[in-house]
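Have a look at the structure below before the remarks.
Quick caveat: nothing in here was measured; it's all calculated off a predicted structure. In each ligand, atom 1 is the first atom listed, and ligand 1 is the first ligand listed.
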Amino acid sequence: MVAPVDRGMGADQLDSLVAVLDLVRFQTARTRPELVQRSGLGRTVVTQRLAQLTSSGLVAEGALGPSTGGRAPRELRFRAEAAVVLVAELGATSISVGLTDLAGQLVMQREEQWDIAVGPEPTLSRVAELFDRMLAAQPDTPPWGIGVGVPGPVEFASGRPAAPPIMPGWDGYPIRDRFAARFNVPVWVDNEVNTMALGEYRAGLGRGADDLIHVKIGTGIGAGLISGGRLHRGTQGCAGDIGHIALVSELIETGPGATQQMCRCGKFGCLEALASGSALARDATAAAEAGRSPALARCLAEAGSLTATDVVHAAEFGDPVAVELLQRAGRLVGETLAALVSFFNPSMVLLGGGVGMSGDLLLATIRQAIYRRSLPLATRDLRIARSQLGDRAGLMGAGFMVVDELFSRALLGRWLYQGTPVGQPTLAAG
Ligand SMILES: [Zn+2]
């Protein structure tokens with residue numbers, strides 16, 4: 001049990017408390033002398049804040065650290081095991097559910113096939129059931145919060161999806177309120193491309209890349225942005241929604257024929273309508289039915305339908321139509337990214353999602369298009385790679401989102417006095 005801290009913390013006290021906690025939490029300072037040095041706070045203030053954090057159970061003083069002459073200081077440790085965070089990532093065709101500790105490490109994970117288009121009620125009931133099972137396996141550790149990623153735009157302040165093209169029936173659905181009422185903890189909901197970007201930035205290949213674009217190419221296409229070391233959500237929460245950027249150059253070069261596919265958003269010429277996993281499946285089916293690819297036609301006859309994965313496999317076996325489809329998708333994604341690279345000047349572009357993680361052909365084509373269309377200075381030190389965490393990125397990012405909010409300056413002082421955020425579901429509402 002975590003002991004309460006005094007209520008009525010002043011602004012200075014809160015600032016120094018968050019500073020000391022962050023230094024220990026991110027292992028930037030491992031001893032009291034290091035804390036004093038790194039925080040710039042006085043020795044007395046550091047001692048007082050540490051006393052608060054140790055009595056609240058968030059920090060423990062452990063073994064003796066290395067001596068620098070004189071008495072060896074004790075090592076400070078963030079107690080990541082003090083509570084857990086429930087996390088879920090809803091995809092277009094699957095749901096992943098997990099449990100992280102307070103340092104964002106995944107303790108448990110489970111994935112199952114699911115069609116998001118069945119709507120919010122059955123989907124969230126299933127997620128709640130899976131949450132219950134995970135909590136039953138960890139009966140002594142309380143959940144302090146819930147983080148959910150969904151495959152569409154979310155108004156972050158309210159935790160509601162906003163006209164998500166691949167989530168019929170979810171527009172404006174109060175995901176946060178539903179889980180907050182059921183589990184009695186604060187809940188944060190975000191577009192899964194944002195949680196993925198956060199996961200990669202904090203625990204994957206993106207560590208240290210303070211300006212980062214993480215692109216997800218799956219059923220749809222979207223991107224999460226880390227800018228100056230922070231997730232950039234934009235005014236409403238839809239920054240990075242690149243799937244619906246219109247491909248004007250494609251329209252000019254190939255005429256209206258190439259862009260006549262209507263996007264799920266209702267418009268024409270969107271990147272997502274031409275280069276996503278569902279676009280690949282659609283174009284591969286048309287090629288198979290027209291007799292242009294015997295390999296894809298065989299696949300279609302056997303399975304009854306084609307997926308983007310079939311296209312990737314056929315391309316690996318050298319099927320010219322599949323190669324052409326992937327190269328076209330890569331070129332269109334790459335050209336869109338080139339514009340973003342010029343605008344945003346990131347040090348890293350990461351590709352994730354089922355299609356984004358597939359084979360070298362797509363990565364090579366995307367790289368080529370970005371380099372061809374960008375200024376040399378913007379690409380001089382630019383790294384373009386596949387996601388390292390894969391299907392764990394979104395879940396881990398959802399965990400980081402929750403702990404970062406709980407330990408933020410805006411919220412820490414509102415719950416630490418009672419020792420736990422449990423019972424304060426409205427914390428997430430800001
Ligand atoms: Zn669109």
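Annotation: salt bridge (Lys or Arg N to Asp or Glu O under 4.0 Å) contacts involving residues 152-168, sequence neighbours excluded, comprise R160-D177. Pairs passing the side chain to side chain donor-acceptor pair (under 3.5 Å) check and including a residue from residues 229-242, sequence neighbours excluded, read D190-R233.
Between F183 and F131, the angle of the ring planes goes over 60°, which puts this pair in the perpendicular group of the 30/60° scheme. The aromatic rings of Y173 and W170 lie perpendicular to each other, with more than 60° between the two planes, well past the 30° mark.
Annotation: protein N, O or S atoms under 2.8 Å of the Zn ion (ligand 1) (waters excluded) comprise H244 ND1, C263 SG, C265 SG, C270 SG.
Checked against side chain to side chain contact (heavy atoms under 4.5 Å, CB included), A338 has the following partners two or more places apart in sequence or in another chain: R373, S374.
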Full working for side chain to side chain donor-acceptor pair (under 3.5 Å) between S125 and R182: CA-CA 10 Å; S125 295; R182 166 85 194 264; over 6 Å; no
